[in-house]
Structures are given as structure tokens and as C-alpha cells.
Amino acid sequence: MDHTAVLALHDRDLRADARPDGPGTRVERAGGVVRQVGSPRDWNGVLWSDPDVADADAMIAEQMAFFRESGHGFEWKLYGHDRPADLGRRLRKAGFTPGPEETLMVAEAADLDLDAEPPVGVRLREVTDAAGVDLLVGVHEKAFGTDGSALRHRLLARLAAEPDTVVAVVALAGDAPVSAARMELVPGTGFAGLWGGGTVGGWRGRGLYRALVAHRARLAADHGYRYLQVDASSQSRPILERLGFTPLTTTTPYVHEP
């Protein structure tokens, strides 16, 4: 894989030329940035910023003023190779709070080890309705300790309006949901994004994360997608590297609340 070329393709297809990630959102290009705008339960934020903008502080101020009018917070999704090189410092100075740094990892689906299966007694169920969404959200709330109402809203909306662009999977031990994940297929690009792989306590370390990655990778390949991309935490990065994913850069969410 040509890392530089794939990163440039990622920046073009998923950032500079981004499409809305749900039926209730829109992508706008203004003030040197590409941003997504939606309701408070949607993801709102800056996806890409023009590296040739002369005054980065003015660019930041313009976006803060725009989102202030909406009355809810937003995220500036900053990548390690973004310019200017001190953009993170400028965001902190403007009042943004950085979240945990993750690693952007990419793999070609054809190069991955896709033989991983869930442990004995566990089956994978694809999510297609509200009951399945509730199971997935319940796993995420237990695994990550966060409120899942926004995820429930976004996933239900996407399954209703654009079901061919999302794959959601729950791992069941008997009738008990023990792990879950989803994949977003981006039409018109070669990229499928893997998101939200989480496993409840007591079931970690049994290969469920690996099995869910392999399951989604097989589906991405079947749908004709060449690349899989993940924003990997420090816990998931070693697993993904063993599967064949390559780190390209870092990504950090800078969050601003009105």
C-alpha cells in the first residue's frame, strides 16, 4: 500500500469531498472549512480545513460563531498531518477541549486475515430494525459507559433512509448481547469505515472484536469496497495491526461547547 497516496485519497473522499453521514445532516463548505451540520443528536463539526488559509485564528473564530448560533456544541476533527502545524494549539487557545488521540488505520480488504470467527456459543446478528438497534446501543452503553441516545437516533435514521450504507452487527451469547459494532459504506468512494467495536465486561479477550472486524471486512469486500478505515484506540490498535491494518496518521477530537 502506498501510504501517502491512500492518505491523500482519504482526505479527498472522506473529508474535502465529504457527504452527509445521515438523512438529517448537511455538509457545507465555507470559511476555508468543510463542516457537517445537523440536530443536537447528529454529529456536528469540522471535517477538513484548507491548509492554505492565511489566518487560521480567524477561520476558527468564524466556525465558533457559526455553531454558536445553533445553540449546541461541535467537534473539530483534527488529524496529525493537518496544517498549520500548530492548529491544535490554536484550537485549545480558542477554548476547545481535546479528546483522546486515536490512530487512523487503513487496510485493503483483500489483504486481511478474514478467517476469525466468534467463540463457540456466540452468533452474529445483523441489525435491521429498532429492536436490533436497542441491543447494539445497550452493548455500547455497557462497554463504553456512555449515553447511547444519539447513536440510537443516528442509526435508526440511517437504517430507515439509507439502509444500503450501514451495516450493524450484534454478537449474542444465547439471547444476551455481548459485543457490537457497525460499518459505514461511503458511496462513490473505495472506503468503508469501521466504528464502535465494543464488548461488555466478562467477554473481553475472547476474540469477539477480531471476529466483528473480519465479519464486516468480508461484507465490505462483497460490496466492492477496497479500503477499510478505523479510528483506533490504543486498545484496538494492536489487534488491528495483527489483522493487517496500517497506521497512517493520528486523529484527535477537539470539542467546543457553547
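Everything numeric in this text was worked out from a predicted model, so none of it was measured.
Partners of Asp231 according to the salt bridge (Lys or Arg N to Asp or Glu O under 4.0 Å) rule, which considers only residues two or more places apart in sequence or in another chain, are Lys77. Taking the side-chain hydrogen bond (donor to acceptor under 3.5 Å, both in side chains) definition, one finds that Arg41 meets it with His153, sequence neighbours left out. With sequence neighbours excluded, no residue forms a side-chain hydrogen bond (donor to acceptor under 3.5 Å, both in side chains) with Glu141.
Under a cutoff of 6.0 Å and an axis angle of 45°, Arg35 and Phe66 form a cation-pi pair.
Side chains of Val186 and Asp13 form no contact here, defined as non-hydrogen atoms less than 4.5 Å apart. For the pair Leu104/Pro247, no side-chain contact is recorded, criterion being any heavy-atom separation below 4.5 Å from C-beta on. When side chains are defined from C-beta on, Lys93 does not count as touching Asp57, because their heavy atoms never get closer than 4.5 Å. The closest side-chain heavy-atom distance from Leu240 to Val213 is below 4.5 Å. At least one side-chain heavy atom of Leu9 sits less than 4.5 Å from a side-chain heavy atom of Tyr227. In this structure, the side chains of Leu112 and Leu228 come closer than 4.5 Å at one or more pairs of heavy atoms. Residues Val133 and Leu159 have side chains in contact (heavy-atom distance under 4.5 Å, counting atoms from C-beta outward). Taking the side chain as every heavy atom from C-beta outward, Glu28 and Val37 approach each other to under 4.5 Å.
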Is there a side-chain contact (heavy atoms from CB on, under 4.5 Å) between Trp195 and Met183? Walk through the geometry before answering.
CA-CA 6 Å; Trp195 301 97; Met183 175 171 65; over 6 Å; no
Could you walk me through whether Arg15 and Val34 satisfy the side-chain contact (heavy atoms from CB on, under 4.5 Å) test, starting with their C-alpha distance in whole Å, then the side-chain angles of each, then the deciding distance to 0.1 Å, before giving a yes or no?
CA-CA 7 Å; Arg15 303 180 67 201; Val34 176; over 6 Å; no
If you apply the rule side-chain contact (heavy atoms from CB on, under 4.5 Å), what do you find for Phe74 with Glu257, and how did you get there?
CA-CA 7 Å; Phe74 74 104; Glu257 297 293 344; over 6 Å; no
From CA spacing to verdict: side-chain contact (heavy atoms from CB on, under 4.5 Å), Val33, Trp76:
CA-CA 10 Å; Val33 307; Trp76 196 299; 4.1 Å; yes
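Linking ILVMFWY residues whenever their side-chain heavy atoms come closer than 4.5 Å, directly or via other members, places Phe245 and Tyr209 in the same cluster. The hydrophobic clustering, which links ILVMFWY residues whose side-chain heavy atoms are closer than 4.5 Å, places Phe144 and Val137 apart. The hydrophobic clustering, which links ILVMFWY residues whose side-chain heavy atoms are closer than 4.5 Å, places Met64 and Met59 together. Clustering ILVMFWY residues whenever any of their side-chain heavy atoms sit less than 4.5 angstrom apart, transitively, puts Leu248 in the very cluster that holds Leu14. Follow the hydrophobic side-chain contacts under 4.5 Å out from Val255 and you never reach Leu78; the two are in separate clusters.
Tyr254 and Arg92 form a side-chain donor-acceptor contact under 3.5 Å, judged by distance and modelled atom types alone. With hydrogens and angles left out, the side-chain atoms of Asp21 and Gln36 include a donor and acceptor closer than 3.5 Å.
Closest heavy-atom contact between Ala116 and Ala214: O-CB, 3.9 Å. For Asp164 against Leu185, the heavy-atom pair with the smallest separation is O-CD1, 3.5 Å. Of all heavy-atom pairs between Ala18 and Val27, the closest is O-CG1, 3.7 Å. Closest heavy-atom contact between Leu136 and Val169: CD1-O, 4.1 Å. Across all non-hydrogen atoms, the minimal contact from Thr249 to Gly80 is OG1-N, 3.4 Å. Closest approach of Leu87 and Ser49 over heavy atoms only: CD2-OG, 3.9 Å.
Rounding to the nearest 0.5 angstrom, the gap separating the CG atom in Asp129 from the CG atom in Asp134 is 9.0 Å. Residue Glu126 holds its CD atom at 8.5 Å from CG of Leu124, rounded to the nearest 0.5 Å. Annotation: the span from Gln229 atom CD to Thr246 atom OG1 amounts to 13.5 Å, rounded to 0.5 Å. Separating the CG atom in Leu208 from the CD atom in Glu117 is a distance of 11.5 Å, to the nearest 0.5 Å. Considering CG of Asp17 and CG of Leu47, their distance stands at 11.5 Å, rounded to 0.5 Å. How far OH of Tyr225 is from CD of Glu184: 11.0 Å, rounded to the nearest 0.5 Å.
No donor-acceptor pair closer than 3.5 Å links the side chain of Arg12 to the backbone N or O of Ala8. A side-chain donor-acceptor contact under 3.5 Å links Asn44 to the backbone of Asp42. Checking side-chain atoms of Arg210 against main-chain N and O of Arg206 turns up no donor-acceptor pair under 3.5 Å. Side-chain atoms of Arg216 come within 3.5 Å of backbone atoms of Arg182 as a donor-acceptor pair (strictly under, hydrogens ignored). Distance alone, capped at 3.5 Å, places no donor-acceptor pair between the Thr103 side chain and the Met105 backbone. In terms of modelled atom types and a separation under 3.5 Å, the side chain of His256 and the main chain of Gly73 share no donor-acceptor contact. Not one N or O on the side chain of Arg158 forms a donor-acceptor pair closer than 3.5 Å with the backbone of Gly22. The closest donor-acceptor contact from the side chain of Asp111 to the backbone of Gly244 lies at 3.5 Å or more, if one exists at all. The main-chain N or O of Glu102 is never found under 3.5 Å from a side-chain atom of Thr250 such that the two would form a donor-acceptor pair. No donor-acceptor distance shorter than 3.5 angstrom exists from the side chain of Asp86 to the backbone of Arg89, with no hydrogens or angles considered.
When the shell of 6.0 Å around NE2 of His223 is examined, it contains 12 or fewer heavy atoms from other residues, nucleotides or ligands.
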